[in-house]
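Heads up, the thing below is written out as structure tokens.
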Amino acid sequence: MSLSHIFVLYGLSNLSLGGWFGEQGKGLLVELVVASILLAIIYAVIRKARKTWAIWGSVVGIIFLAVMFMVGPVFISPIFNDYTSLKDGPLKSEILSMARANGVPADNVYQFDASRQSKRISANVSGLLGTTRISLNDNLLNRSSEATIKAVMGHEMGHYVLNHGPKMLLSFGLVLVFGFAFVKWGFRRFNRPQWGVRDETDIAGLPLLGILFSTYFFIMTPVTNSIIRINETEADLYGLNASGEPEGFSEGILSLSEYRKMKPGYWEEILFYDHPSGYNRIYASMRWRAEHLPSFRDPTDARQ
Ligand SMILES: [Zn+2]
């Protein structure tokens with residue numbers, strides 16, 4: 001990450017410069033702890049299964065991602081933001097009613113103070129098994145109409161109901177298997193005797209391992225972006241059906257234009273976007289509305 005990149009990110013933020021570096025520091029600390037544990041396990045696997053570690057490494061990777069999905073919202077997110085129960089009222093009842101109607105097992109709705117960090121609106125239905133929870137950020141609550149909030153919640157519930165969590169784990173597991181196989185091949189291909197690194201079990205080879213791994217994931221960006229983007233497109237359609245709020249959803253998408261380019265080129269979207277473009281999301285909403293026009297008509301209107 002270059003210095004100018006850091007300041008571009010900072011420009012989107014609501015934090016003071018000191019506060020921003022504090023947040024980054026906390027993030028680094030969490031990453032350091034998590035990465036060290038993961039690295040120790042991966043090296044143990046490489047040493048135990050010299051021939052088949054690409055497969056076992058991916059299994060570890062998937063289990064790790066699943067654990068992060070489960071503990072993340074409960075233990076890691078609160079390090080960065082304060083989570084409180086959304087106050088009782090019509091909005092909370094509507095969200096919980098939507099959750100029941102869509103089979104989302106949640107009996108509370110949380111809000112968190114994302115406005116500390118930025119002006120972005122967002123929400124999520126996160127966790128797995130027993131840790132499922134619905135959270136809205138305060139930007140969404142303060143900046144959006146009720147229609148937009150319902151539309152965004154419909155989208156997030158879509159991720160849950162369509163099992164995007166487990167499906168993503170499997171897809172990324174597949175990407176990981178090829179990644180580890182590439183790293184294994186690359187290590188033997190590029191390791192030089194004068195470096196004094198025995199083989200991939202040697203911790204001194206970590207820099208080479210890291211370069212190979214990041215090269216692989218850089219090349220795979222269009223694939224990983226597309227895996228996510230396809231899920232996002234599905235969640236958009238699910239959300240429209242669940243909430244019936246095409247205008248509300250479009251308004252929410254419009255507010256994302258503060259930091260996302262709305263109408264990229266065809267290939268630009270496929271290669272670089274991990275969400276559908278704003279243009280396509282609003283287009284899908286208006287298409288949904290056009291196809292549902294009869295149900296928007298006033299039944300007492302005699303001219304129809
Ligand atoms: Zn989404």
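Start at 1 with the first residue, then count along the sequence.
Side-chain contact check for Asn280 and Glu269: at least one donor-acceptor pair (N or O, by modelled atom type) lies under 3.5 Å.
Judged purely by atom type and a 3.5 angstrom limit, Tyr216 has no side-chain atom pairing as donor or acceptor with the backbone of Ala181. No donor-acceptor pair closer than 3.5 Å links the side chain of Glu234 to the backbone N or O of Asn231. A side-chain donor-acceptor contact under 3.5 Å links Thr221 to the backbone of Phe217. Side-chain atoms of Arg229 come within 3.5 Å of backbone N or O of Tyr273 as a donor-acceptor pair. Judged by distance alone, the side chain of Lys184 and the main-chain N or O of Lys51 form a donor-acceptor pair under 3.5 Å. Under a 3.5 Å cut-off, the side chain of Asp138 and the backbone N or O of Leu141 do not form any donor-acceptor pair.
Taken together through direct or relayed side-chain contacts under 4.5 Å among Ile, Leu, Val, Met, Phe, Trp and Tyr, Val59 and Met68 form part of one hydrophobic cluster. Under a hydrophobic-cluster definition in which Ile, Leu, Val, Met, Phe, Trp and Tyr are linked whenever side-chain heavy atoms come within less than 4.5 Å, directly or via other members, Met262 and Ile270 are assigned to different clusters. By the criterion of side-chain heavy atoms lying less than 4.5 angstrom apart, applied directly or through intervening Ile, Leu, Val, Met, Phe, Trp or Tyr residues, Tyr283 is not grouped with Met286; the two fall into different hydrophobic clusters. Grouping the Ile, Leu, Val, Met, Phe, Trp and Tyr side chains by contacts below 4.5 angstrom, directly or via other members, places Leu206 with Trp185. In the hydrophobic cluster analysis, where Ile, Leu, Val, Met, Phe, Trp and Tyr join through side-chain heavy atoms closer than 4.5 angstrom, Phe172 is grouped together with Leu176.
Counting non-hydrogen atoms of other residues, nucleotides and ligands closer than 6.0 Å to CG of Leu65 gives a total above 12. The 12-atom threshold is not exceeded at CZ of Phe272, counting heavy atoms of other residues, nucleotides or ligands nearer than 6.0 Å. Within a 6.0 Å sphere centred on OH of Tyr279, other residues, nucleotides and ligands contribute 12 heavy atoms or fewer. Applying the 6.0 Å contact sphere to OH of Tyr83 captures more than 12 heavy atoms from other residues, nucleotides or ligands.
Side-chain atoms of Glu232 and His164, non-hydrogen and from C-beta on, never get closer than 4.5 Å to each other. Side-chain contact between Phe112 and Asn124 is present, with heavy atoms from C-beta onward closer than 4.5 Å. No side-chain heavy atom of Leu209 sits under 4.5 Å from any side-chain heavy atom of Phe213. Side chains of Lys150 and Ile95 form no contact here, defined as non-hydrogen atoms less than 4.5 Å apart. In this structure the side chain of Glu245 never reaches within 4.5 angstrom of the side chain of Glu146, judged on heavy atoms. Put simply, the side chain of Ile37 does not reach to within 4.5 Å of the side chain of Phe64, judged on heavy atoms. Between Pro166 and Met168 there is no side-chain heavy-atom pair separated by less than 4.5 Å. Val125 is not listed as a side-chain neighbour of His159, based on a closest heavy-atom distance of 4.5 Å or more.
Listed here is the closest heavy atom pair of Gly57 and Val45: N-CG1, 3.9 Å. Pairing each heavy atom of Val152 with each of Ala123, the nearest pair is CG1-CB, 3.9 Å. Here the closest non-hydrogen pair linking Val197 and Asn191 is O-ND2, 3.1 Å. The minimum heavy-atom distance linking Gly186 with Leu212 is given by the pair C-CD1, 3.6 Å. Smallest separation of non-hydrogen atoms from Leu86 and Lys92: O-NZ, 2.8 Å. Contact between Ile134 and Ala106 at its shortest, heavy atoms only, is CD1-CB, 3.7 Å.
Between Leu208 atom CG and Trp195 atom CH2 the span is 5.5 Å, to the nearest 0.5 Å. With rounding to the nearest 0.5 Å, the separation of CE in Met98 from CE in Met157 is 5.0 Å.
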Just do the side-chain hydrogen bond (donor to acceptor under 3.5 Å, both in side chains) check on Asp113 and Ser115 with the steps written out, would you? CA-CA 5 Å; Asp113 57 345; Ser115 58; over 6 Å; no
Would you please test Tyr238 and Asn102 for side-chain hydrogen bond (donor to acceptor under 3.5 Å, both in side chains) and show each step? CA-CA 10 Å; Tyr238 187 97; Asn102 289 279; 2.7 Å; yes
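Both the sub-6.0 Å distance and the 45° axial angle are not jointly satisfied by Arg281 relative to the ring of Phe249.
By the salt bridge (charged side-chain N to carboxylate O under 4.0 Å, His left out) test, Asp107 pairs with no residue at all, sequence neighbours left out.
Salt bridge status for Arg188 with Glu200: present, with a side-chain N to carboxylate O gap under 4.0 Å.
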